[in-house]
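We count ligands from 1, going down the list as the structure has it; atoms in each ligand are counted the same way. By convention here, the first residue in the shown sequence is residue 1.
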Amino acid sequence: MNVPFVDLKSQYKSISGEIKEQIDEVLENTAFILGDKVSQFEIGFAKYCESKHAVGVNSGTAALHLALVAHGIGPGDEVITVPNTFIATAEAISHAGAVPVLVDIDAKSYNIDVTKIAQAITPKTKAIIPVHLFGQSADMDPVSEIAKKHGLVIIEDCCQAHGSQYKGKKVPVTTTGCFSFYPGKNLGAYGEAGAVVTDDDEVAAKVKMLRDHGQEKKYFHKYIGYNCRMAGFQGAVLNIKLKYLDQWIAARQNAARLYDQLLDGVVDTPCRSELASHVYHLYVIRTPQRDAMIEYLGQANISTGIHYPIPIHLQAAYASLGKGEGSYPVSEQAAKEILSLPIYPEITEEQIEYVCEKIKSFQAK
Ligand SMILES: *Cc1c(COP(=O)(O)O)cnc(C)c1O
């Protein structure tokens with residue numbers, strides 16, 4: 001048996017007729033940048049997120065960057081986020097001209113440790129970017145409380161958490177959140193795409209201008225903007241895939257339940273928050289023999305991943321933060337022990353059973 005880490009092909013096959021029809025419409029209308037398909041998706045995705053606006057851009061990284069700029073965050077400002085995220089969260093802060101200030105994570109949820117945020121706040125702090133890592137919302141009530149107390153903006157990194165709920169509200173839980181539609185994400189385009197989702201009319205209007213050279217109308221540029229518009233093809237693909245998102249999330253949750261059952265007492269399985277639902281963008285186990293397990297599973301044709309092997313502060317790109325080994329011990333220890341198992345809506349019970357069997361035989365060695 002062969003178990004890939006993700007399988008985008010089998011999902012494509014299940015919707016290829018609809019996709020080809022929609023792509024053909026984009027071709028016929030030559031609506032290659034923004035256009036009707038993107039507008040339609042923006043309306044549908046805002047509704048899906050139980051939010052007022054969605055603004056389509058060309059990546060999750062751009063969504064985070066433009067959301068920060070739209071909130072007036074720039075040089076001289078500090079933005080709080082976590083060390084164990086994809087580099088893009090920190091890059092967006094740097095691209096806005098601000099400095100990322102890291103706060104260690106909770107050892108169980110892998111999300112921001114809300115008890116450590118207050119001590120990271122300085123007079124320069126302007127915003128917090130909690131990351132809903134692996135598909136489970138961070139504990140947002142304490143984050144909101146701290147933000148309110150210190151007058152900070154919250155921008156949620158929802159790039160792995162489409163459809164995750166916190167206390168019954170889909171992310172973003174607060175006013176503004178940013179999404180990626182990178183092909184491997186739970187809602188994936190067939191190329192690069194992202195969105196800023198917000199209840200704030202002004203932020204939505206400003207992101208719309210910023211993504212399109214800062215123009216209010218053609219050739220009237222209110223801001224020095226960017227070229228970050230969503231492509232028409234991606235809007236067309238995302239419109240179709242949005243219809244299936246809940247069904248695909250349910251399939252991921254079923255796969256996770258089976259992993260939970262079969263790996264109970266064998267390895268450390270993902271914790272489930274009582275406040276948030278988990279959409280399992282990634283199914284992450286933990287074991288001190290992580291590297292040997294990767295090797296063993298690889299020999300059995302099982303592909304795995306590490307999300308992420310090197311925390312932000314230990315990346316060469318962020319040497320300037322001046323935070324060496326030992327600065328964020330919970331993140332550093334997790335980076336050495338976490339292992340992402342194959343998960344996607346189309347994974348079969350037999351494949352999951354096979355993976356778990358191999359993990360058990362590795363542990364029994
Ligand atoms: C994927 C991802 C991003 C970046 O999204 P892109 O669309 O690849 O630019 C940002 N943050 C997190 C947590 C992600 O997983």
Test: R229 and D212 ion pair at under 4.0 Å: yes
Donor on one side chain, acceptor on other, H65 and E91, under 3.5 Å: no
Between ligand 1 and the protein, which N/O pairs fall short of 3.5 Å?
| unit_1 | atom_1 | unit_2 | atom_2 | d |
| --- | --- | --- | --- | --- |
| ligand 1 | 5 (O) | S180 | OG | 3.3 |
| ligand 1 | 7 (O) | G60 | N | 2.8 |
| ligand 1 | 7 (O) | S180 | OG | 2.6 |
| ligand 1 | 9 (O) | G60 | N | 3.3 |
| ligand 1 | 9 (O) | T61 | N | 2.9 |
| ligand 1 | 9 (O) | T61 | OG1 | 2.5 |
| ligand 1 | 11 (N) | D157 | OD1 | 3.4 |
| ligand 1 | 11 (N) | D157 | OD2 | 2.8 |
| ligand 1 | 15 (O) | Q160 | NE2 | 2.9 |
| ligand 1 | 15 (O) | K185 | NZ | 3.0 |

Sub-6.0 Å ring centroid separation between Y344 and F5: no
Aromatic plane relationship, F181 with F41 - under 30° parallel, 30 to 60° tilted, over 60° perpendicular: perpendicular
N-O pairing of K52 and D201 below 4.0 Å: yes
Whether Y259 and Y283 hold their rings parallel, tilted or perpendicular, with breakpoints at 30° and 60°: parallel
